[in-house]
Each structure stands twice: as C-alpha cells, then as structure tokens.
**Q** 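Mind having a look at this structure? Questions to follow.
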Amino acid sequence: QLQLVESGGGLVQPGGSLRLSCAYSGFTAYAIGWFRQAPGKEREGVSCISRRSGRTNYADSVKGRFTISRDNAKNTVYLQMNSLTPEDTAVYYCAASTYSTSIEQRAYDYWGQGTQVTVSS
C-alpha cells in the first residue's frame with residue numbers, strides 16, 4: 001500500500017506559525033517534497049528534502065520562513081512554517097520522488113490528498 005498523509009493544516013493569523021506533517025508508507029522515497037496550490041494558480045514547489053542525506057531546497061518565496069525536516073525512523077517529513085502571510089494560503093501537498101531532490105513536480109510519483117492552510121485575520 002502506497003500512501004502519503006498530510007496533517008497539521010488549519011487556520012492561522014498573519015504572522016503565525018504552523019507545522020505540517022507528511023507520513024508516508026509502502027515505499028522507500030528518495031526525497032519528499034512539499035507543494036502548494038492556491039485558487040487560480042498552478043501548483044508550485046515549496047521545499048524538498050533528501051531522505052538519505054538531508055539535503056534541502058526551498059522556493060525563494062519561503063526561504064528564511066519555512067524549514068523542512070525529516071524523521072526517517074518514522075517515515076515522516078515536517079514543514080515548519082513561520083511568519084505566515086495570506087499569500088501562503090493554499091492546499092499543501094506532500095509528494096515522494098524515487099529519484100530526484102528537485103522540487104519540479106514532474107519528479108514526484110506519489111502524492112498525498114492535501115491539507116488546507118488558511119492565513120487570515
């Protein structure tokens with residue numbers, strides 16, 4: 001059974017923080033990435049992390065505010081989001097790549113169902 005399950009989304013005020021979790025099972029991922037899609041916009045890569053090395057990369061729009069981390073023993077990846085703004089409002093997806101640490105979505109084979117993040121006062 002191949003699964004990725006996101007959790008931790010919700011409603012937060014601007015300037016607030018939220019931590020998303022992605023638990024995956026049924027495969028060995030090369031990398032786990034976070035993506036998001038806001039209404040009227042294309043899905044965009046946010047961040048990714050290599051399972052083996054911990055190498056990370058970030059979209060410019062979130063660098064310095066978001067931090068990705070991993071717990072390989074739990075097959076879980078986290079996305080700590082700080083200093084949130086309304087522009088961060090989106091459905092956030094985690095996805096697994098079997099071969100790449102790119103945040104290009106075509107590199108990812110397995111996708112979760114998404115979790116809604118809403119930043120509003």
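All values derive from a computational prediction rather than experimental measurement.
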**Q** Taking all atoms of both residues into account, what is the closest heavy-atom pair of A29 and Y24, and its distance?
**A**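 Answer, listing the atom of A29 first, then Y24: CB-CE1, 4.2 Å.
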**Q** Do W111 and F35 have ring centroids that are under 6.0 Å from one another?
**A** yes
**Q** To check you understand the geometry: which heavy-atom pair defines the closest contact between V5 and Q113, and what is its length?
**A** CA-OE1, 3.9 Å
**Q** Considering non-hydrogen atoms only, spot the tightest contact between G45 and A59 and give its length.
**A**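 Reported closest heavy-atom pair: O-CB, 3.4 Å.
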**Q** Linking I/L/V/M/F/W/Y whenever their side-chain heavy atoms sit closer than 4.5 Å, directly or via other members, would I32 and V91 fall into one cluster?
**A**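 Shared cluster, no.
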**Q** Go through D88 and M81 one step at a time and tell me if the side-chain contact (heavy atoms from CB on, under 4.5 Å) criterion holds.
**A** CA-CA 9 Å; D88 296 314; M81 306 185 294; over 6 Å; no
**Q** At what distance, to the nearest 0.5 angstrom, does OG of S121 lie from CG of L11?
**A**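 Answer rounded to 0.5 Å: 9.5 Å.
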**Q** I would like to know whether R65 and Y58 meet side-chain contact (heavy atoms from CB on, under 4.5 Å); could you show each step before the answer?
**A** CA-CA 10 Å; R65 298 188 298 122; Y58 298 89; over 6 Å; no
**Q** Rounded to the nearest 0.5 Å, how far does CG of N57 lie from OG of S50?
**A**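 Going from the OG atom of S50 to the CG atom of N57 covers 10.5 Å.
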**Q** Grouping I, L, V, M, F, W and Y whenever their side-chain heavy atoms are under 4.5 Å apart, do W34 and L84 come out in a common cluster?
**A**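 Yes: a chain of side-chain contacts under 4.5 Å links W34 to L84.
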**Q** With rounding to the nearest 0.5 angstrom, report the CZ to OG1 distance, F66 to T56.
**A** 14.0 Å
**Q** Please evaluate residues T28 and R51 with respect to the criterion side-chain contact (heavy atoms from CB on, under 4.5 Å), reporting the C-alpha separation (whole Å), side-chain torsions for both, the decisive distance (0.1 Å), and the verdict.
**A** CA-CA 9 Å; T28 300; R51 179 189 61 82; 3.5 Å; yes
**Q** Could you pull out all residues at least two apart from C94 that satisfy disulfide (SG to SG under 2.5 Å)?
**A**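 Checked C94 against disulfide (SG to SG under 2.5 Å); matches are C22.
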**Q** Is there a path of hydrophobic side-chain contacts, each under 4.5 Å between heavy atoms, that joins Y78 and V117?
**A**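 Y78 and V117: separate clusters.
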**Q** Return the minimal non-hydrogen interatomic distance between S21 and T76, and the atom names on each side.
**A**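 Between these two residues, the closest heavy atoms are CB-CG2, 4.4 Å.
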**Q** Measure the CD-CD1 distance between E44 and I103 for me, rounded to the nearest 0.5 Å.
**A**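 Between E44 CD and I103 CD1, I get 8.5 Å after rounding to 0.5 Å.
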**Q** For residues Y93 and L2: do they belong to one hydrophobic cluster (side chain heavy atoms under 4.5 Å, members Ile, Leu, Val, Met, Phe, Trp, Tyr)?
**A** no
**Q** Just so I know, are the side chains of V62 and R36 near enough to count as touching, which here means a heavy-atom distance under 4.5 Å?
**A**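 Yes, at least one pair of side-chain atoms sits under 4.5 Å.
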**Q** To the nearest 0.5 Å, what is the distance between CG on L79 and CD1 on I68?
**A** 6.0 Å
**Q** Sorted by first residue and then second, give each side-chain hydrogen bond (donor to acceptor under 3.5 Å, both in side chains) pair with at least one member in residues 96-109; sequence neighbours left out.
**A**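 Listed by first then second residue: T98-D109.
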**Q** Search all heavy atoms of V12 against all heavy atoms of S17 and return the closest pair with its distance.
**A** CG1-O, 3.9 Å
**Q** Nearest 0.5 Å please: distance from the OG1 atom of T89 over to the CD atom of Q116.
**A**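 Rounded to the nearest 0.5 Å, the OG1-CD separation comes out at 7.5 Å.
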